[in-house]
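A quick write-up on the structure given underneath.
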Amino acid sequence: MKVQVDNEVCQGHGRCYTLSPTVFDPDVYGYAVVRTDAVEPDVEKSVRDAVESCPERAIRLVET
Amino acid sequence: MDFESLETNYDLLSPELKANMWPAVDHMLRQCPVAHSEAHGGYWVVSEYDRVFEVLRDYERFGSGRAAMVPPPPPGALAPDMPPIHLNPPEQHEYRKVLNPHFTPAAIAGFEAGIRALVTEAIDAFIKDGACEFVGAFARRFPSRLFFQFFCSIDDEADLQRNVGWLHGILFDPTGENYARLEREWAEWIYGFIARRRQSEPRGDLVDSLLTAVINGKPLTDDEVMATMMILIMGGFGTTADATANAVRRMAERPELQDRLRAEPELLPGAIEEFLRYDPPVIELPRMCRVDTEIGGHQIHAGERVLVQIGGANRDEKEFSGAADLDLDRPRNKHLAFGAGPHRCVGSHLGRMSVRVALEEVLGRMDDIRLVDPSAVRIGAALQAYGPEHMEITFRAR
């Protein structure tokens, strides 16, 4: 499974890099960037929390 | 309160509405999720989560601007749009590129110790009493100087006190007869401050970024710098105060919430999100329809104003199951307390950190916080805001 952030949609709420800080990072403007897009089992719950807590619905999980 | 009157006359300034906000919001969600109000020259009120989200995101249909304001600014108030809140993309986005880097978690991390010092100083002043009027003694006290000191490098005590005075006067009495005079006095001071800063060595703060910014190929004018500073100061202060007081109000009503957060402090960041969902400090946001369009089956014409109800979105059962319950374990929480779309609150990370530090110190130093009289909590009059202006509490110093 991979995780993607739609940078056209992200507004920098930062819920993702708060909930799942090893997977998401803020850039210099506070928008989210994905550090490692492969979602390992140990972070899967936090990534799902991030997906479901993004007010812009900007994060997507993709089956690989 | 006559809840049926909300269907045609939702008046965001009504003290009766503020006092009955949550039953009123529930009534609108059930009976009139898209309503037209005759108040203040007429405007639409949109309540449901999905529609609020749609309006906030779609700036091409629902734009921002001074003309969207409900009610319009009082006679004699300053005329210019306040960037970036009154602008639309792409120009709005140019401003955000200048501002955002000052408000990222990394950029504000260095202010945490300073915020904790302001919080500690405020608590020190009343901790021995075992009781206080929490809004004046704490919630509006600790954040009032934060922006001036940390973002504008203003450290002269007399300057700080004058600025805080203007800010309070404008924010908490938005329709008062002194509004225009206070706003002009404040603007004059800021113009003088800008002139001094243009002559002095750069400090690398937010003010320097505004003074050197180039937007649409031009540096910002003094008017633009002044108005930007004003809206940032106004946007950050009352909201932080309200978010803090709202959280403490709910914990005082339900002491088991305090006990749990003292026992499990790692829950606090998630709890703050839930407090923000439950009692959003900004309860409404205005937009101006830019084209003839439709929302929820209602035709809305270009030039008509639309007020989105953040409070309605955050209490919409279709998005939040058990929306009327304050649930510290809520697993997913896409609340809209900081808005959505291009105007997402620029200071959201600073606001969250400020409230977290405030609640850490309150919970750490004050046991058994109770409201003296829950029915005597008064909601303030600030425009589009929700938070107590008066709240007597008792506690045991730890």
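Scope of the values below: all heavy atoms of this structure, side chains included, with no hydrogens, waters or symmetry mates. Residue numbering restarts at 1 for every chain, and letters A, B, ... go by the order of the sequence lines. Since the model is a prediction, treat every value here as computed from it, not as a measurement.
Contact annotation for B:P269: neither backbone nor side-chain heavy atoms come within less than 4.5 Å of a heavy atom of chain A. Heavy atoms closer than 4.5 Å to chain A are found in the side chain of B:P105, but not in its backbone. Proximity to chain A is limited to the side chain of B:F53, based on heavy atoms less than 4.5 angstrom apart.
Between A:D49 and B:K334 no salt bridge is recorded (no basic side-chain N to carboxylate O distance below 4.0 Å).
Once rounded to the nearest 0.5 Å, the distance linking OG1 of B:T104 with CG of A:D25 reads 11.0 Å. For the atom pair B:S348 OG and A:Q11 CD, the distance stands at 11.0 Å (nearest 0.5 Å). The distance from the CZ atom of A:R15 to the CG atom of B:N333 is 6.5 Å, given to the nearest 0.5 Å.
Across all non-hydrogen atoms, the minimal contact from A:S53 to B:P331 is OG-O, 4.4 Å. Listed here is the closest heavy atom pair of B:K97 and A:Y29: O-CE2, 3.3 Å.
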*Full working for salt bridge (Lys or Arg N to Asp or Glu O under 4.0 Å) between B:R344 and A:E56*: CA-CA 10 Å; B:R344 186 270 304 171; A:E56 307 289 346; over 6 Å; no

*When you look at B:R57 and A:V9, which way does the side-chain contact (heavy atoms from CB on, under 4.5 Å) test go after all the steps?*
CA-CA 9 Å; B:R57 285 278 298 273; A:V9 175; 3.7 Å; yes

*Show your working on side-chain contact (heavy atoms from CB on, under 4.5 Å) between B:R332 and A:R48 and close with a plain yes or no.*
CA-CA 9 Å; B:R332 64 189 279 261; A:R48 288 191 187 278; over 6 Å; no

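With a 6.0 Å radius and a threshold of 12 heavy atoms from other residues, nucleotides or ligands, B:L87 has its CG atom above the threshold. More than 12 non-hydrogen atoms from other residues, nucleotides or ligands lie less than 6.0 angstrom from CD of B:E266.
In terms of modelled atom types and a separation under 3.5 Å, the side chain of B:H335 and the main chain of A:P55 share no donor-acceptor contact.
Of the listed residues (B:H102, B:E273, B:R352, B:H343), the one with the most heavy-atom contacts under 4.5 Å to chain A is B:E273. Considering only heavy-atom pairs separated by less than 4.5 Å from chain A, the leading option among B:G341, B:A106, B:G339 is B:G341.
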